Amino acid sequence: MGDSHELPQNQEQDTVVRNAGRALFTNLEGFGAGRGCFEDDCQSSDKFAAKSIESCTRVCQSLPGCEFWVWGREDGEQKCWFRVADDGREPEKGWVSGAKGCFPPGQIPMERGSPDCWIEGFDFDVCCDAKFGPSGNTQCWDGVFLYDRCCFPSSEL
């Protein structure tokens, strides 16, 4: 994908959707979020540092419950935020917001973690959910399937 000019016309330039009690906190690590998260915890965050605006559109498209994405600058980094509603909409120079359906043509949702690992009833929720602790569900791992290999995608967003 490329620059934001490839996004549909329904993106909202110079618009931010603030938290307003509508932030979507979820595990963003499985999509490749590694920094810029709420309180440095990407397993429970409504935001992350991203390389491109398309990271926002793709993660929102992939998240049940995400209805709006926001792209803007915080603490010197470009970030994405996710919202369940557009309460808190405000004008803000340099920010871009969009509804879940605002994404580049042909973009498909992401799977969390590494799709190569999810066989025979094992999936991200069964193996990688934060409730299992920092190493995931130990019953999922053997010499081939490992937490670091399975619970993170091959590239950071």
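Since the structure is predicted, the reported quantities are computational estimates derived from the model, not experimental observations.
- Scanning all heavy atoms of the two residues, the minimum distance from F103 to Q61 falls at CZ-NE2, 3.4 Å.
- Between C80 and C60, the sulfur-to-sulfur (SG-SG) separation does not fall under 2.5 Å.
- In this structure, the ring-ring contact (aromatic ring centres under 6.0 Å, His included) partners of F152, at least two apart in sequence or on a different chain, are Y147.
- Under a 4.5 Å side-chain heavy-atom criterion applied to ILVMFWY residues, the cluster that includes W81 comprises V16, V17, V70, W95 as well.
- No path of Ile, Leu, Val, Met, Phe, Trp and Tyr side chains, each step under 4.5 Å between heavy atoms, connects F68 with W71, placing them in separate hydrophobic clusters.
- No hydrogens or angles considered: nothing links the side chains of Q107 and E54 as a donor-acceptor pair under 3.5 Å.
- Taking both residues in full, the closest heavy atoms of G113 and F124 are given as N-CD1, 3.9 Å, listed atom of the first, atom of the second, then distance.
- Partners of D46 by salt bridge (Lys or Arg N to Asp or Glu O under 4.0 Å), not counting sequence neighbours, listed by chain and number: R83.
- Closest non-hydrogen pair, F145 versus C117, comes out as CE2-CA, 3.7 Å.
- Enclosure of atom CG in D40 is not indicated, since only 12 or fewer non-hydrogen atoms of other residues, nucleotides or ligands lie within 6.0 angstrom.
- Under the rule for a side-chain contact (heavy atoms from CB on, under 4.5 Å), the partners of R22 that lie at least two apart in sequence or sit in another chain are V84, A85, D87.
- The shortest non-hydrogen separation linking W118 to D123 is CE3-CA, 3.4 Å.
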Compile the donor-acceptor pairs under 3.5 Å between side chains in residues 125-135 and protein atoms, sequence neighbours left out, one pair per line.
unit_1: D125; atom_1: OD1; unit_2: R112; atom_2: NH2; d: 2.6
unit_1: D125; atom_1: OD2; unit_2: R112; atom_2: NH2; d: 3.3
unit_1: D129; atom_1: OD1; unit_2: K131; atom_2: N; d: 2.9

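- Every residue two or more places apart in sequence or in another chain that forms a side-chain contact (heavy atoms from CB on, under 4.5 Å) with S45 is listed here: L28, C37, F38, K47.
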